[in-house]
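One structure is given here, and the rest of the page talks about it.
Fair warning: this is a prediction, and the values are worked out from it, not measured in the lab.
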Amino acid sequence: MLSQKFRLKKNSSFTATYRVKNSFYLNGVAVFVGLKKKNPNDTTKVGFVVSKKTHKRAVKRNRLKRLMRESYRILLKNKELGNAEKYMSLIFVGHEKALCHKYKEISVIIKSLLEKIND
RNA sequence: CAGAGUAAUCGGAUAAUCGCGCAGAAAUGUGAGGAAAGUCCGUGCAUUCAAGGACAGGUUGCCGGAGAAACUCCGGACGGCGUGAGCCGGUGGAUAGUGCCACAGAAAUGAAUACGUUAACCUACGGUUUAGCGUUUACUGCCGAUGGAUUUCAUAUCACAGGCGAUGGUGCAACGGUGAGUUAAGAGCAUCACCAGCAAUAACGAGAGUUAUUGGCUAGGUAAACCCCAAUCGAAUGCAAGAUUAAAUUGAAGGCUAUAAAGGCUGUCCGCCAACUUCAGACAAAUCGCUAGAGUUUGCGAGAAAUCGCAAUCCCAGACAGAUGAUUAUCUAAAACAGAACACGGCUUACGGGUUACUCUGCUUU
RNA sequence: GCGGGUGUCGUCAAGUGGUUAAGACCUCGGAUUGUGGUUCCGAUAUACAUGGGUUCGAAUCCCAUCAUCCGCC
């Protein structure tokens, strides 16, 4: 789990991010990107979503969320986020195809997704 | 040794690095389950309505006990299954009443508008229908099977007499079953024996019930069809309940009245979308409820058990975009089902690989 | 978290305990036509979500499970 200041919390923030309609998809994981930062000192906030429709069992949904979160945390720690730092918010959405992936595959997917983000 | 049955139990471990929730000033401590699941029952708790009575309606349904209660648990009775240890059971009433029982069959519940006689009607007769009268008698539906006559015989036909419900046929089911005797042949035979069922009496038991004797006598199934009987139940909504403090509101947003005309979907209306218009661009509440409880562990006592009592001991998740993860190594091995969201008691379902105790059956050996 | 509904041929669907179950669309064949469509005729095979129970007999009655859909911020 990330610490509090990196988390995306409010419902309005989620809706605002979805509204921009700037998204990328790769192997069962989608990223929604919000607007660019006004103040460069603000942190980039992240949300992770796996809906109940992707799988019925809570254990498998939690597993995917944790794997995505862990791989993002490692990238944050090593400061390999790239262009994503310029934006206010990110939302990762897991789909049915990603449920069977292992940790290493997920981390590769998320890294390449972040590289796709433009200036 | 093999195969079964019952009960109980474990629910990955250790180390290293990085990381998260809660508590705390810090050090540090602590952090998912046996089913947390399904939501099938039952409670607490909260709000609103009603608070009296009756009816309606719902729920439950062998007996006794336990329990806050329960489609709950324990023990027993009865019935069924299994060679057995054991397992399973929604198990009141069909003699309160109503309904239903397809097809087949003479007949499906009055198994029969009883039986006999007389009169009327029709007829050669048997017979059939209607009405009246009498008798209270053990009962016994339909077809065939028996004897006699006619005919050369068989088949067939005819009438009379008596017998019959055993056997055969239908069906899930035919007023209980089997055997003996009786009889021309039978039978439910005013007969005998045994079994089943009913009633009464007696004994045993707390009760469900069991056993014995006697008696006459035979009652189709279905209540998981309506229903009857007995017991029992305030109703609704669920922590997203609700309370307090602070504040002023909405955010994949809102508005679009009437008359005539006017964009797209359509033949029209409605509706939706677009257009137009009004704003807003990541500031957009917090605390309590919330976990000290029908609690955990251990010991002693009561009881056949469920369970209860007493004493000591422990405090053991509490999030709110929502905490348990990742990597590496070792343990035979990338180990099942699966993730708390107010709490608790049950039930049901899912589950890899084991462990322990007792019991049964078969085989072998002594 | 709490509550409610639905499962029947490939699709849509009827069926209030009594023949392994009506119909429409689809598919296939034939007729009509110069050809195709329309129309007409005929045929195929296939279905009661799963597992138990009650009953002589369940798509139907009862119980459990599974799948799926919806509502309440």
B/A223 and B/C195: how far apart are their C1' atoms, nearest whole angstrom?
30 Å

Starting at NZ of A/Lys45 and ending at P of B/A282, how long is that distance when rounded to a whole Å?
12 Å

With rounding to the closest Å, how many angstrom separate the C1' atoms on B/U328 and B/A341?
35 Å

Check the distance between B/A338's P and A/Arg66's CZ and give it to me in whole angstrom.
16 Å

For A/Lys111, give me all partners under salt bridge (Lys or Arg N to Asp or Glu O under 4.0 Å), at least two apart in sequence or on another chain.
A/Glu80

Between B/C283 and B/G234, how many Å separate the two C1' atoms, rounded to a whole number?
50 Å

A/Phe32 CZ to B/A321 C1', in whole Å, measures 16 Å

Gap between atoms OH and C1', on A/Tyr103 and B/G19 respectively (whole Å)
11 Å

Nucleotide forming a Watson-Crick or wobble pair with B/C1, both distances under 3.5 Å
B/G362

To the nearest Å, give me how far apart CG (A/Leu67) and P (B/C20) are.
18 Å

Can you confirm whether A/Phe92 sits close enough to A/Val29 that some side-chain heavy atom of one is under 4.5 Å from a side-chain heavy atom of the other?
yes

Whom does B/G322 pair with, Watson-Crick or G-U wobble, provided both distances fall under 3.5 Å?
none

Base-paired stems that RNA chain C participates in, counting runs of 3 or more Watson-Crick or G-U pairs under 3.5 Å:
C:1-7 with C:66-72, C:10-12 with C:23-25, C:27-31 with C:39-43, C:49-53 with C:61-65

A/Ile110 has an atom CD1; how far is it from atom C1' of B/G325, in whole Å?
14 Å

Tell me the partner of B/C227, counting only Watson-Crick (N1-N3 plus N6-O4 or O6-N4) or G-U wobble (N1-O2 and O6-N3) with both under 3.5 Å; none if nothing fits.
B/G93

Which residues pass the side chain to side chain donor-acceptor pair (under 3.5 Å) test with A/Glu115, not counting sequence neighbours?
none

Would B/A334 be called syn or anti here, given the cut-off of 90° from 0?
syn

In whole Å, I'd like the distance from the NZ atom of A/Lys60 to the P atom of B/G325.
16 Å

Counter-base of B/A66, judged by Watson-Crick or G-U geometry with both distances under 3.5 Å:
B/U72

A/Arg61 CZ to B/A321 P: how many Å, rounded?
17 Å

Rounding to the closest angstrom, what is the interatomic distance between B/C233 and B/A69 at atom P?
12 Å

With syn defined as a glycosidic angle within 90° of 0 and anti as everything else, classify B/A32.
syn

Counterpart base for B/A46, defined by Watson-Crick or G-U wobble contacts under 3.5 Å
B/U237

When you get a sec, tell me which of B/A338, B/A282, B/C18 is the closest nucleotide to the side chain of A/Val59?
B/A338

Spacing of the C1' atoms in B/A317 and B/U324 (rounded, Å)
10 Å

Considering only the P atoms, how many Å lie between B/C87 and B/G75, rounded to the nearest integer?
10 Å

5'-most by nearest nucleotide on RNA chain B - A/Gly47 or A/Lys77:
A/Lys77

Which nucleotide sits closest to the side chain of A/Val49: B/A321, B/G325, B/A338?
B/A321

B/A199 pairs with which nucleotide, Watson-Crick or G-U wobble, both distances below 3.5 Å?
B/U214

Between B/U361 and C/U55, how many Å separate the two C1' atoms, rounded to a whole number?
37 Å

Pick the C1' atom in B/C74 and in B/G215, then give their distance to the nearest Å.
43 Å

